[in-house]
S.K.: 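Please read through the structure below; I'll follow up with questions.
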Amino acid sequence: MNNTEKVKEFGGWLQRYEHTSDVCQCDMTFSVYLPAEAETAKVPVLYYLSGLTCTDDNVRTKAGAQRYAAEHGLALVMPDTSPRGDNVADEADRYDLGKGAGFYVNATQAPWLPHYQMFDYINKELPDLIETNLPVTTDRSICGHSMGGHGAIISALKHPGRYRSVSAFAPIANPVNCAWGEGCFGAYLGDDHEQWKEWDSVCLLESGAECPPLLVDQGGGDNFLESQLSFPALEAVCKSKGIDATLRLQPDYDHSYHFIASFIGEHIAFHAKHLKG
């Protein structure tokens, strides 16, 4: 881990690191906020997964999350959304495929397979790196926005017991049935739609996947609500399966970080309750 930035915030430190990823076969960047408590003891961790077109920089500069992480004594880990580098496959004329759009799956198709292994990176390699090198415990929760909300929920569903809680802002909840998901899944995973279901929150819940306590906020004024996000489908499956879920439709809020900043404090308090309870 190469520390490239260190900034004092709210009594703790916001840091950025680069490292060579064995899983993604390229150099990766992530940010970490460590609260003041981490100076003397290990602290639990909240992972935050960002959405399409983002890097680790979006959430750490726009959401105001570090203030709440400091209040609750949590480490906040903010990874990138995809592999990067000159040799990494990309679709330069598309924002929703390639760099910035890893979709948190493990690609099985060329030319994406060598680098686009974001699921294993987020759930195995990065936590191992964090827990080995930084003052954190193995108590983890996970959160995300849009594509990152999809990534957070499938991470919790596909790794029962790994995360104490999961939350999402405007998640792409049923990607097998929306243009964003169909475009990326077809490229990364191939033509077998049954395989796609293994990376879809609604499908995983329908098949009986175990889910930790779940909090979802969705903006009622979100331009992508009807076309991409499938909030009603997520509501329906949580209700039918008796999932411990709080799903809130917030009137008039859009898809932006204005929306996230309005509720990030409640999400971090939700995770702190489960990480420290």
Side-chain angles (χ1 to χ4, degrees), residues 1-23 28-50 55-80 120-145 148 151-153 155-156 159-169 210-215 244 246 260-261 263-277:
M1 290 168 51
N2 178 28
N3 190 323
T4 62
E5 184 180 6
K6 187 174 183 179
V7 181
K8 189 78 170 182
E9 284 188 335
F10 307 111
W13 292 95
L14 176 65
Q15 303 181 69
R16 177 175 271 166
Y17 291 92
E18 294 177 351
H19 75 106
T20 299
S21 167
D22 293 332
V23 169
M28 297 291 287
T29 299
F30 64 92
S31 290
V32 179
Y33 178 73
L34 292 174
E37 289 88 337
E39 297 284 348
T40 56
K42 292 186 176 182
V43 296
V45 186
L46 175 61
Y47 289 84
Y48 179 96
L49 308 185
S50 291
T55 69
D56 63 306
D57 202 36
N58 294 79
V59 62
R60 70 186 203 139
T61 59
K62 296 179 180 179
Q66 293 93 291
R67 176 187 296 274
Y68 301 106
E71 289 179 4
H72 293 283
L74 304 182
L76 181 64
V77 176
M78 299 157 278
D80 203 347
D120 282 350
Y121 176 73
I122 293 298
N123 290 285
K124 295 179 182 178
E125 185 177 35
L126 182 60
D128 286 348
L129 190 71
I130 296 292
E131 290 163 14
T132 299
N133 292 282
L134 296 176
V136 301
T137 70
T138 56
D139 297 316
R140 314 173 196 91
S141 289
I142 193 165
C143 174
H145 169 231
I153 298 173
S155 292
H159 285 297
R162 185 171 184 82
Y163 299 100
R164 297 284 188 90
S165 52
V166 56
S167 74
F169 297 91
E210 179 182 339
C211 186
L214 170 66
L215 170 64
D244 179 9
T246 300
I260 295 169
F263 298 100
I264 191 68
E266 294 177 36
H267 281 240
I268 291 177
F270 165 78
H271 291 299
K273 172 185 174 182
H274 293 286
L275 284 166
K276 295 186 168 185

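We're numbering straight along the sequence, starting at 1. The analysis underlying the following values was restricted to heavy atoms, covering all of them including side chains, and did not include hydrogens, waters or symmetry mates.
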S.K.: Measure the spacing between OG of Ser167 and CD1 of Ile264 and express it to the nearest 0.5 Å.
M.R.: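 Ser167 atom OG to Ile264 atom CD1 measures 7.0 Å (nearest 0.5 Å).
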S.K.: May I have the step-by-step check of side-chain hydrogen bond (donor to acceptor under 3.5 Å, both in side chains) for Tyr68 and Gln66, ending in yes or no?
M.R.: CA-CA 5 Å; Tyr68 301 106; Gln66 293 93 291; over 6 Å; no
S.K.: One pair to check against side chain to side chain contact (heavy atoms under 4.5 Å, CB included): Phe30 and Gln15. What are the steps and the verdict?
M.R.: CA-CA 9 Å; Phe30 64 92; Gln15 303 181 69; over 6 Å; no
S.K.: Within a 6.0 Å radius of atom NZ on Lys276, are there more than 12 heavy atoms belonging to other residues, nucleotides or ligands?
M.R.: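 Counting other residues, nucleotides and ligands, NZ of Lys276 exceeds 12 neighbours.
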S.K.: Val59 pairs by side-chain contact (heavy atoms from CB on, under 4.5 Å) with which of Ser50, Ser31, Cys143?
M.R.: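 Only one option passes, and that is Ser50.
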S.K.: How far apart are the closest heavy atoms of Val45 and Leu275, and which atoms are they?
M.R.: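 Shortest heavy-atom contact: O-CD1, 3.9 Å.
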S.K.: Mind checking whether Leu129 and His19 have side chains closer than 4.5 Å, heavy atoms only?
M.R.: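 Yes. Closest side-chain heavy atoms under 4.5 Å.
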S.K.: Measure from the ring center of His267 to the ring center of Phe169 and say whether it is less than 6.0 Å.
M.R.: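 Ring centroids of His267 and Phe169 are less than 6.0 Å from each other.
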S.K.: State, to 0.1 Å, how close Gly151 and Leu49 come at their nearest heavy-atom pair, and which atoms those are.
M.R.: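 Smallest heavy-atom distance, with atoms named: C-CD1, 3.6 Å.
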S.K.: Should Val43 and Thr137 count as side-chain neighbours, where that means a heavy-atom distance under 4.5 Å?
M.R.: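 The answer is no; the side chains never approach within 4.5 Å.
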S.K.: Starting at CG of Asp120, measure out to CG of Leu126 and round the result to the nearest 0.5 Å.
M.R.: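 That separation rounds to 12.0 Å.
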S.K.: Please give me the minimum heavy-atom distance between Phe270 and Val166, naming the atom from each residue.
M.R.: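 Taking every non-hydrogen atom into account, CE2-O, 3.6 Å.
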S.K.: Do Thr55 and Thr29 come close enough that some side-chain heavy atom pair is under 4.5 Å?
M.R.: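 Side chain of Thr55 against side chain of Thr29, heavy atoms only: no contact under 4.5 Å found.
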S.K.: Quick one, Tyr48 and Tyr33 - any side-chain contact, counting heavy atoms below 4.5 Å?
M.R.: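 The answer is no; the side chains never approach within 4.5 Å.
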S.K.: Would you please indicate if the ring centroids of Tyr163 and His159 are separated by under 6.0 Å?
M.R.: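 Not under 6.0 Å, so no.
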S.K.: Check whether any side-chain heavy atom of Met78 sits under 4.5 Å from a side-chain heavy atom of Leu76, and report yes or no.
M.R.: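 A side-chain contact exists here, since the closest heavy-atom pair is under 4.5 Å.
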S.K.: Measure the spacing between CD of Glu5 and CD of Glu18 and express it to the nearest 0.5 Å.
M.R.: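 Glu5 CD to Glu18 CD: 10.5 Å, rounded to 0.5 Å.
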S.K.: Once rounded to the nearest 0.5 Å, what's the spacing between atom CG of Asn58 and atom CG of Asp80?
M.R.: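 That separation rounds to 9.5 Å.
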S.K.: Under a plain distance cut-off of 3.5 Å, with no hydrogens placed, do Asn123 and Ser155 share a side-chain donor-acceptor pair?
M.R.: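 Checked: Ser155/Asn123 side chains pair up, N/O donor to acceptor below 3.5 Å.
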S.K.: Quick one: does Asn2's side chain have a donor or acceptor within less than 3.5 Å of a partner on Thr4's backbone?
M.R.: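 Looks like no, no N/O pair under 3.5 Å.
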S.K.: Do Leu34 and Pro135 come close enough that some side-chain heavy atom pair is under 4.5 Å?
M.R.: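 When only atoms from C-beta onward are counted, Pro135 and Leu34 do touch, with a gap below 4.5 Å.
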S.K.: Aromatic contact between Phe263 and His145, with the criterion being ring centroids under 6.0 Å apart: yes or no?
M.R.: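 That pair fails the under 6.0 Å test.
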S.K.: State, yes or no, whether a side-chain contact exists between Ile153 and Leu214 at a heavy-atom distance under 4.5 Å.
M.R.: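 With C-beta onward as the side chain, the pair touches.
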S.K.: Could you tell me the separation between the OG atom of Ser165 and the CG atom of Leu46, rounded to the nearest 0.5 Å?
M.R.: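 Taking OG in Ser165 and CG in Leu46, the distance rounds to 7.5 Å.
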S.K.: Begin from the C-alpha positions of Asp57 and Arg16 and carry the test salt bridge (Lys or Arg N to Asp or Glu O under 4.0 Å) through to its verdict.
M.R.: CA-CA 9 Å; Asp57 202 36; Arg16 177 175 271 166; 3.4 Å; yes
S.K.: Between Leu134 and Tyr17, what is the shortest heavy-atom contact and its length?
M.R.: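 In terms of heavy atoms, the two residues are closest at CD2-OH, 3.6 Å.
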S.K.: Find the distance between NZ (Lys124) and CZ (Arg162) and round it off to the nearest 0.5 Å.
M.R.: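 That separation rounds to 8.5 Å.
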S.K.: Shortest non-hydrogen contact from Pro35 to Gly73?
M.R.: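 Distance-wise, the nearest heavy atoms are CG-C, 3.7 Å.
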S.K.: Can you check whether Ile122 reaches Pro79 side chain to side chain, under 4.5 Å on heavy atoms?
M.R.: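 A side-chain contact exists here, since the closest heavy-atom pair is under 4.5 Å.
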S.K.: Testing the basics here: between His274 and Arg164, what is the closest heavy-atom pair and its distance to 0.1 Å?
M.R.: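 The pair with the smallest heavy-atom distance is O-NH1, 3.2 Å.
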S.K.: Are Glu131 and Arg140 ion-paired here, with the side-chain N under 4.0 Å from a carboxylate O?
M.R.: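 Salt bridge flag = yes for Arg140 with Glu131.
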